[in-house]
Structure formats: C-alpha cells, structure tokens
2 protein chains.
Amino acid sequence: MYASSTRPVAIDPLGSANVCANCDARPHSVCNAVPDSEISRLAAIAMVTHAEPGTTFIQEGDPATHFFNISAGTVRMYKLLPDGRRQITGFAGVGHFLGLAVSETYAFSAEAIDCVRFCKFSRARVRTLLDDYPAMEKRLLAVASTELVAAQDQMLLLGRKTARERLASFLMLQSRQGVLCQSSRNRFALPMSRGDIADYLGLTIETVSRTLTKLRSDGFIEIPSSTEIAIRAPAALEGLATGMA
Amino acid sequence: MYASSTRPVAIDPLGSANVCANCDARPHSVCNAVPDSEISRLAAIAMVTHAEPGTTFIQEGDPATHFFNISAGTVRMYKLLPDGRRQITGFAGVGHFLGLAVSETYAFSAEAIDCVRFCKFSRARVRTLLDDYPAMEKRLLAVASTELVAAQDQMLLLGRKTARERLASFLMLQSRQGVLCQSSRNRFALPMSRGDIADYLGLTIETVSRTLTKLRSDGFIEIPSSTEIAIRAPAALEGLATGMA
DNA sequence: CGGCAACCTTGATGCAGATCAATGCCACCG
DNA sequence: CGGTGGCATTGATCTGCATCAAGGTTGCCG
C-alpha cells in the first residue's frame with residue numbers, strides 16, 4: 001500500500017481551550033490576529049490533526065471545505081499533469097497557512113513530507129470569525145500578498161534561470177527560512193528528497209544531483225549528508241542566485 | 001529617446017465626482033465594493049492617468065506608494081535579472097488591480113503595451129478607505145487568491161510544459177480573457193509582441209514564432225495577422241494545453 | 001549479518017529549444 | 001516612391017539539460 005493512500009488522523013476533534021493558547025505555531029501564523037481573550041473561540045473550531053510522511057491531505061480538484069495551518073513538519077504543495085509530470089509550487093513549514101481559494105475546489109494537492117501536525121478549520125466557520133476580527137482578514141491579505149511576491153520570484157526562476165542559478169536560489173531560500181541546525185549558522189536540513197527539489201525547480205533528479213556536486217566542488221557549499229547542506233560562501237551563492245555571475 | 005523613459009501623464013489630478021461613477025472598469029474591479037452613495041469618496045482620491053505605449057509606470061524596487069486600477073489598455077508586469085533576462089509575470093487588462101504588496105517596495109515593474117488609462121490611489125488613503133469598507137478588503141483578498149491560483153498554473157507551465165503546450169495554454173487563456181473580435185467568436189487580438197509572449201512563457205521569440213506556425217499548419221489555429229489569432233479546434237487545443245496529448 | 005528497496009550519484013548519449021544568421025514584411029516618412 | 005527601422009518568420013547549428021543506464025550508499029527488517 002502506498003503511503004499516499006493512508007488517511008490523516010484527528011487527534012483532538014473537539015478542540016480544547018488551550019490548544020491554541022499553547023500552540024507553537026501561533027506566533028508565526030495568522031491565528032495571532034485573534035486576541036488572547038478570545039482564543040477559546042478559535043480553539044473551538046480548530047481540529048488538530050496529524051499526517052504521516054507521504055500522506056496526501058489536500059487533493060487538487062476536491063471541494064475546498066477547510067483551511068489548514070501547519071504547526072509542525074513540512075508539506076509539499078503540487079500540481080500534476082495527466083501523464084504524471086509534477087510541479088511543486090511550494091513547501092510549507094510551521095505557521096504556514098494553506099487553502100486560500102476563491103473557487104469551490106482546491107487548486108493544488110498537499111502531502112506531508114515528514115510527520116506533520118496541522119489545524120483544520122471549516123471554511124464556513126472561519127468566515128464568521130473573519131467578520132468579527134477584521135485584523136485576521138488583513139493578516140490573510142498580507143499572507144496572500146507575500147505568497148504572490150514569492151510566486152513571481154519563482155516564475156522568474158522557472159522561466160529564465162539556469163540550473164545552477166536555480167539551485168543557488170533554492171539553497172539561499174532554505175537557509176533563510178528552513179530548519180537551521182543548532183550546531184552552526186549557514187547549515188540547515190533539507191527535509192525534502194532530490195525528486196522534490198527537482199519538481200520544485202523544474203529540473204530532473206539527475207541535474208539536481210550533478211549541480212549540487214558541482215557547487216560543492218566549486219567551494220560554494222558542503223554536503224555533510226544528503227539531507228543537510230552548509231553554505232561556505234553565502235555572498236557568492238547569493239550572487240549566483242540573483243544572476244550576477 | 002526610449003519610450004520607457006517617458007513619464008505617464010495625469011489627466012485629472014483633482015478627481016471629479018463622476019469619474020468613478022461613470023468608469024467603464026468599475027463593474028470589473030475592486031472599486032465596486034464601494035457603494036454608489038459613497039462613490040464620490042473614491043473619486044476624491046482617484047488620480048486618473050494615462051500612459052503611452054512603452055511607458056514604465058511601476059519600477060521594481062521603487063517605494064510602493066500607490067495602487068493602480070487599469071481602466072483601458074493592456075499592461076505587462078515583469079521582473080529582470082541583472083544581465084537583462086526578463087520574465088513577464090502577467091498581463092493586466094481592464095479592471096485589473098496592481099500593486100498589492102506587503103513590502104515597502106514594488107516587487108515588479110509594469111509597462112503600458114498600448115495606450116493605457118489607469119487610476120492611481122495613494123496607499124495611505126486606500127488604507128483608511130479599507131477600514132470603512134471591509135467588503136473592499138474582502139474583495140482584495142479574493143483578487144489576491146485568484147492571482148495566486150493563476151500564478152501556480154503558470155509555475156506548472158514554466159516548470160513542466162513543452163513549448164507547444166505553453167503556446168496552447170497561452171492561446172486558450174487569451175481566448176477566455178482577451179479582447180475578442182466582434183466579427184467572430186474564437187477570434188481575438190494579441191496586443192503584445194512575440195517578444196512579450198516569449199518572455200511570458202519562458203521561451204525565445206523564434207520558438208514562439210515557429211510553434212505558432214506549427215499549430216497553424218496542424219490545423220489548431222489561424223493567424224489572420226501577427227496580432228490576431230482565431231482558434232479552429234478549441235477542444236483539441238485545450239487538450240494540448242492541459243497535457244492530454 | 002545479509003539481502004532488499006529506496007534513494008542518490010555518476011557516466012554516456014540524445015534532443016528540445018536556444019543561438020546565430022538571413023530574409024521577409026509592413027508602416028512610416030522624407 | 002524608395003529608404004529605413006522595427007518586428008516576424010525561417011533556416012542552420014549548437015548546447016544545457018533530459019534521458020537512458022549503471023553503480024553506490026543507506027537504512028530497514030528478518
């Protein structure tokens with residue numbers, strides 16, 4: 001049986017008063033637009049859930065019934081063509097908000113990469129919450145605007161950058177927002193596989209692997225293990241990423 | 001002198017009561033979230049402006065002082081790499097809203113393709129308007145969400161589709177939202193040049209030209225002139241666009 | 001510990017689309 | 001009306017990345 005056919009599991013379907021108050025992700029997420037005094041209202045509609053690696057918890061084309069807020073782990077969002085070609089549109093980490101859509105169906109699928117914990121909110125209930133907390137609506141608009149800017153950067157990457165520049169951009173992005181190792185700055189974990197990176201950057205697995213090897217032999221990075229990267233020359237790599245070389 | 005160095009011209013810097021009430025673009029735009037009775041308030045802060053073909057009226061990296069609403073013509077939004085490589089992130093037509101950004105600077109440049117008319121709104125003033133009309137804020141969120149979905153489609157196109165599929169997708173998109181000829185359904189104008197299409201689809205001018213010629217000789221389309229397209233086989237072209245062939 | 005499976009790396013070869021190079025087609029203007 | 005400049009088309013060649021094809025590495029499980 002494929003992991004992607006397993007179903008996510010609700011841990012706490014009823015919610016409890018302090019689920020949200022004690023949430024690690026709240027400071028990073030749209031939820032902090034709800035004031036402490038009213039946090040129980042948010043907790044009442046939050047369904048805390050987790051998903052094993054490989055589980056698909058949003059399916060492109062399905063009715064868009066819920067919003068999601070990631071509180072642990074990493075998620076890949078992607079779109080497929082009928083013959084199986086895949087484009088990963090982004091990776092979502094702690095605090096990331098998923099499911100913004102005007103249309104009645106999800107525009108992309110989402111899968112857990114590692115063990116993921118998230119809160120599910122019914123769209124209908126969130127709508128009434130938004131009417132009471134305009135600050136949350138403003139916050140959502142800010143999130144959407146930020147993602148739009150990131151999407152435009154990604155279009156530039158996919159349309160016009162070389163494989164080397166794509167990897168440099170990706171590594172700089174991960175070093176900024178990824179999971180940092182405590183041991184050293186400029187060193188971080190890559191929770192996703194080479195295949196995921198390839199489908200995010202519009203390349204093949206082989207080109208990703210070769211290009212990383214080349215960046216290492218050119219002295220830009222170190223590769224302590226296949227899931228870890230250390231950046232040796234941040235300024236030079238940033239230059240590569242922005243097309244200065 | 002290059003066209004891009006000319007400056008847009010304000011036609012009506014003070015605004016007048018019926019500027020917005022009679023605006024052709026209003027039904028298509030976020031402005032209609034302001035009720036008729038209050039439309040003069042919108043008109044008071046609208047600066048109606050127009051731009052000649054080739055004029056750059058938003059410059060990537062400049063302080064983001066205004067929002068824009070297109071009321072006539074077509075605009076290209078784009079990002080550049082230092083060596084001149086260009087990625088067009090989208091074309092904006094009548095009713096389109098530009099300038100959403102959290103950051104203090106614009107994330108892209110915008111140029112008039114043909115003669116463009118637009119309304120400029122100071123961000124600070126729009127902010128106070130948004131506080132009074134939450135419906136407008138909701139409308140902006142809807143716009144941002146829609147653009148995000150479009151951006152994800154474009155990532156799939158740029159990362160994973162062939163040149164033929166890219167052109168098919170582009171033509172289907174234009175036939176849906178472009179300027180239709182009155183003469184015939186399935187026939188429409190292309191206000192942008194081959195170079196613009198290439199930079200939007202992540203291709204070169206030559207590949208765009210060759211691929212269009214091929215689509216014509218394969219019976220999918222007709223090319224009455226270089227700025228006009230007629231679709232002969234919409235279903236087949238749609239199949240191509242979605243990767244079914 | 002050994003055998004398997006999933007993933008990653010490396011090498012050889014192929015091809016879609018880029019690049020280089022004319023040529024054609026208008027629209028504009030003196 | 002002939003010249004000029006900007007865009008589009010078409011052809012010849014080149015190349016960056018994909019594809020095809022082995023190995024190598026890691027970690028799991030019996």
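In what follows, every chain begins at residue 1, and chains take the letters A, B, ... in the order their sequences are listed. Because the structure is a prediction, the values reported are computed rather than measured.
Here dT9(D) is the nucleotide among dA18(C), dT10(C), dT9(D) with the atom lying nearest to any side-chain atom of Thr213(B). Listed nucleotides dA18(D), dG17(C), dT9(C) differ in distance to Ala163(B); the shortest reach to its side chain belongs to dG17(C). Among the nucleotides dC17(D), dC20(D), dT9(D), the one closest to any side-chain atom of Glu206(A) is dC20(D). Of the candidates dA12(D), dA8(D), dG11(C), dA12(D) carries the atom nearest the Arg210(B) side chain, counting heavy atoms from C-beta on.
Leu203(A) comes within contact range of the sugar-phosphate backbone alone, with a heavy-atom separation under 4.0 Å but no base atom that close. Here Ser193(B) lies in heavy-atom contact (under 4.0 Å) with sugar-phosphate atoms only.
Between Thr211(B) and Thr207(B), the closest heavy-atom pair is OG1-O, 2.6 Å.
Between Asp199(B) atom CG and dA18(C) atom C1' the separation is 13 Å, expressed in whole Å. The separation between Ile205(B) atom CD1 and dA21(C) atom C1' is 14 Å, rounded to whole Å. Protein atom CG of Leu212(A) is 14 Å distant from nucleotide atom C1' of dC7(C), rounded to whole Å. Remark: P of dC7(D) and CG of Leu190(B) are 16 Å apart, rounded to the nearest angstrom. One can place CZ of Arg216(B) at 14 Å from P of dA8(D), the figure rounded to the nearest angstrom. As a whole-Å value, the separation of Glu165(A) CD from dC17(D) C1' is 14 Å. Rounded to whole Å, the distance from CE on Met192(A) to C1' on dC8(C) is 16 Å. The separation between Lys161(B) atom NZ and dC17(D) atom C1' is 21 Å, rounded to whole Å.
Between Thr207(A) and dG16(D) there is no side-chain N or O to OP1 or OP2 distance below 4.0 Å. OP1 or OP2 of dT9(C) lies within a sub-4.0 Å distance of a side-chain N or O belonging to Ser209(A).
Using a cutoff of 4.0 Å between basic side-chain nitrogens and carboxylate oxygens, Arg86(B) and Asp196(B) are scored as salt-bridged.
Remark: side-chain polar atoms of Ser175(A) are not paired, donor with acceptor, to backbone N or O of Asn186(A) under 3.5 angstrom. Under a 3.5 Å cut-off, the side chain of Lys161(A) and the backbone N or O of Ala241(A) do form a donor-acceptor pair.
The CD atom of Gln87(A) sits 14.0 Å away from the CZ atom of Phe108(A) when rounded to the nearest 0.5 Å.
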